[in-house]
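Read the structure below first, then the notes.
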Amino acid sequence: MGKPDSFLELKNVSQVYTVGERQFTAIEDFSLTLKEGEFCALLGPSGCGKSTLLRIITGLQAPTGGKVLYRSRPLTGVNPHAAMVFQTFALFPWLTVQENVELALEARGLPARVRNDRALEILDRVGLDGFETAYPRELSGGMRQKVGFARAIAVEPELLCLDEPFSSLDILSAETLRRELLELWTGGRLPTRAILMVTHSIEEAVFMADRIVVMDKDPGRLMTDFKVGLAHPRDRKDRGFEAVVDNVYSLLAGQTEPDHVELGAEPAAPGPTRRLPNVHISDLSGLLEHLESARDHQDDIYALAEDLKMNSDHLLNLIQAAELLGFATVWKGDIRLTPLGETFAATGIIGRKEIFAVRLQRLSFFKWLASILRASEKSRQRWDVIEAALGLEFHPAEARQQLERIVEWGRYAELLSYDDKSRVIYLEPATASPP
């Protein structure tokens, strides 16, 4: 069966996308070795390339650089020893539960009798005995995802890949399914040698995985790789569990750099562009208000996630926005309001808008947009023209998201306006003249 260390290896894998004449690096120089018996979580912010790595590992996508070895042999084409469970249920609504599971076995060329027996056995194993003839529409979200798991493990994959399989479920269904999957895995009832799970939830990774690989973005790359070192079953209230989660938050949140607002070049200028975190003003205001009411106007980031019932990816984006605008600083896993952040949280609507406008005008991204609009007739420009300009710097989907964010922030600060009917962005009169 080969040596455990050679089960799966990624060596200096890169993924570059070409859009028009531009190239965008999604993953850069990423290496990973997965051993038999490991439950490994790929953890990182949205857009760091986690799902792309799963597609590369399962052979659904070829990397543009580096090597993928499966049991010491180069992977070419789809990996027949791997199976994937996706974020969405991906079930055929016109097929019954059993027929959905058998479909995967039919694709492997198994005869009808074998397909029938194995599908029934797997459905019983995952707790769906009695629902064989039900259709997906008759099932809850958690049960539909169980069918997805059953279909994946029915083909007895050596490697089971999970692409945020609990993200589309409600909290209770997700928690139940996590525990049931762990029970099957730790009890040796899964026909698989290793599990690789993509998630952006820190707590989920620590709760389930034996090993966590943390990724950074722009481009996607390895930040750190460590063993969790906690026995199953794990208790979220255990001090050891909390310590691991807190440590990961500290890694991902980093610490505030001096003059962090000024870091980053304008789009299309030399040097890396400072992206805007994908957060809404109302959510950012809520975070600052919560911190303003906390003792010493600061809080532990892990405790904050618990208090606000917020997933780690969204919380880290909010923290990044608070840092970017000078409203908060981060140090060793804690976040603290700056005097300006305290003032913003304590003042009224008009005062907040004025503070936000001053801070927004310091950002290189806003300076770039304002300069384009001032150079245009009547300080106006079509949305698609600005988006095309951003497309020289970002992937098209990212360019659209970045423009949506700067326009939302600019409208809140009353620096920009936007006419949805004509799709035109323009500067407010007070902003149209250069500062």
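Predicted, not measured: the structure shown is a model, and the values here were computed from it. In this chain, residues are counted from 1 in sequence order.
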Taking the side chain as every heavy atom from C-beta outward, state whether Lys309 and Ile171 have any atom pair closer than 4.5 Å. no

Distance col, row Glu9:CD vs Ser72:OG, nearest 0.5 angstrom, shows 6.0 Å

**Test log, rule salt bridge (Lys or Arg N to Asp or Glu O under 4.0 Å), inputs Arg71 and Glu36** = CA-CA 10 Å; Arg71 295 206 175 278; Glu36 289 190 28; 3.0 Å; yes

Exercise for the section: Answer yes if the side chains of Asn278 and Glu404 hold a donor-acceptor pair under 3.5 Å, and no otherwise. Expected result: no

* Asked: Is Val198 close to Leu53 at the side-chain level, that is, under 4.5 Å between some pair of heavy atoms?
  -> no

Note: Ile56 and Leu75 closest approach over all heavy atoms is O-CD2, 3.7 Å

Q.
Under the criterion side-chain contact (heavy atoms from CB on, under 4.5 Å), I'd like the reasoning laid out for Met208 against Phe166: C-alpha separation, chi angles, the key distance, then a yes or no.
A. CA-CA 12 Å; Met208 301 192 72; Phe166 313 105; 3.7 Å; yes

Rounding to 0.5 Å, atoms CG (Leu95) and CG (Asn100) come to a distance of 5.0 Å

task: Assess the side chains of Gln15 and Gln61: does a donor N or O sit below 3.5 Å from an acceptor N or O?
output: yes

Side chains of Ile212 and Ile202: does their closest heavy-atom pair fall under 4.5 Å? no

Scanning both residues in full, the closest heavy-atom pair of Ile27 with Cys48 reads CG1-O, 4.5 Å

Test side-chain contact (heavy atoms from CB on, under 4.5 Å) applied to Glu180 and Val126, step by step = CA-CA 8 Å; Glu180 290 180 349; Val126 300; over 6 Å; no

**OP:** Assess whether side-chain contact (heavy atoms from CB on, under 4.5 Å) is satisfied between Val78 and Thr58, documenting all intermediate values.
**Re:** CA-CA 6 Å; Val78 175; Thr58 54; over 6 Å; no

Main-chain N/O of Glu292 paired with His297 side-chain donor or acceptor, under 3.5 Å
yes

Subject >> N-O pairing of Arg275 and Glu398 below 4.0 Å >> reply: yes

*Counting N and O atoms only, with roles assigned by atom type, does the side chain of Asp238 sit under 3.5 Å from a partner on the main chain of Gly240, one being a donor and the other an acceptor?*
yes

*More than 12 foreign heavy atoms under 6.0 Å from CZ of Phe24: is that the case here?*
yes

task: Examine distances only and state if a side-chain atom of Arg221 and a backbone atom of Pro219 form a donor-acceptor pair shorter than 3.5 Å.
output: yes

Residues passing the ring pair (Phe, Tyr, Trp, His ring centres under 6.0 Å) test with Tyr418, sequence neighbours excluded, are Trp383

Closest heavy-atom pair, Asp235 versus Phe241, reported as atoms and distance to 0.1 Å, is O-CB, 3.3 Å

Query raised in the report: Is the closest side-chain heavy-atom distance between Leu390 and Phe365 below 4.5 Å?
Result: yes

Residues 121-133 vs side chain to side chain donor-acceptor pair (under 3.5 Å), sequence neighbours excluded, gives Glu121-Arg125

dist Thr176:OG1 -> Leu181:CG (nearest 0.5 Å) comes out at 12.5 Å

Note to self: Could you check whether any side-chain N or O of Asn317 sits under 3.5 Å from a backbone N or O of Pro277, counting only pairs where one atom can act as donor and the other as acceptor?
What the structure shows: no

Of all heavy-atom pairs linking Ala413 and Leu360, the shortest is CB-CD2, 4.2 Å

Discussion item. Under a 3.5 Å cutoff, is there a donor and acceptor pairing between the side chains of Thr199 and Glu204?
Written reply: yes

Open item on the list: Check the orientation of Trp94 and Phe92. Use parallel for under 30°, tilted for 30 to 60°, and perpendicular for over 60°.
Closed with: tilted

dist Glu203:CD -> Arg236:CZ (nearest 0.5 Å) comes out at 5.0 Å

Q. Would you say the side chain of Phe39 lies within less than 4.5 Å of the side chain of Thr186, judging by non-hydrogen atoms?
A. no

Rounded to the nearest 0.5 angstrom, the CE-CG distance for Met84 and Leu162 is 9.5 Å

Item to check | Short N-O contact, Arg411 and Glu408, less than 4.0 angstrom | outcome: no

- [ ] For Thr192 and Glu158, indicate whether the former's side chain and the latter's backbone hold a donor-acceptor pair under 3.5 Å.
- [x] yes

Check: Ile57 and Leu34 side chains under 4.5 Å, non-hydrogen atoms
no

(message) Heavy-atom count check: over 12 atoms from other residues, nucleotides or ligands less than 6.0 Å from Glu183 CD?
(response) no

For the backbone of Pro63 and the side chain of Ser14, can you confirm whether one donor and one acceptor N or O come within less than 3.5 Å of each other? no

Q. Counting N and O atoms only, with roles assigned by atom type, does the side chain of Arg118 sit under 3.5 Å from a partner on the main chain of Ala154, one being a donor and the other an acceptor?
A. yes

Worksheet entry | Test log, rule side-chain contact (heavy atoms from CB on, under 4.5 Å), inputs Phe30 and Val213 | CA-CA 11 Å; Phe30 186 90; Val213 175; 4.0 Å; yes

**Prompt:** Do the ring planes of Phe356 and Phe327 sit parallel (below 30°), tilted (30 to 60°) or perpendicular (above 60°)?
**Reply:** tilted

Counting only N and O atoms by type, is there a donor-acceptor contact under 3.5 Å from the side chain of Arg352 to the main-chain atoms of Ala345? yes

### Message
Any heavy-atom pair between the side chains of Glu242 and Tyr302 that's under 4.5 Å?
### Response
yes

Exercise. Is the NZ atom of Lys353 crowded by more than 12 outside heavy atoms at less than 6.0 Å?
Worked result: yes

Output for pair (Lys146 NZ, Leu177 CG), nearest 0.5 Å, gives 7.0 Å

Tightest non-hydrogen contact, residues Leu110 and Arg115, listed as O-NH1, 2.7 Å

#### Entry: Check ion pair Asp210-Arg234 (N to O, under 4.0 angstrom)
yes

message = Between Arg211 (side chain only) and Cys40 (backbone N and O only), is there a donor and an acceptor less than 3.5 Å apart?
response = no

Taking every heavy atom of Glu38 against every heavy atom of Thr33, the minimum-distance pair comes out as OE1-O, 4.2 Å

Within 45° cone of Phe207 ring axis and under 6.0 Å: Arg178 NZ or CZ:
no

Taking the side chain from Thr347 and the backbone from Phe344, do they hold a donor-acceptor pair closer than 3.5 Å? no

Minimum side-chain heavy-atom gap Leu276-Leu363 below 4.5 Å:
yes

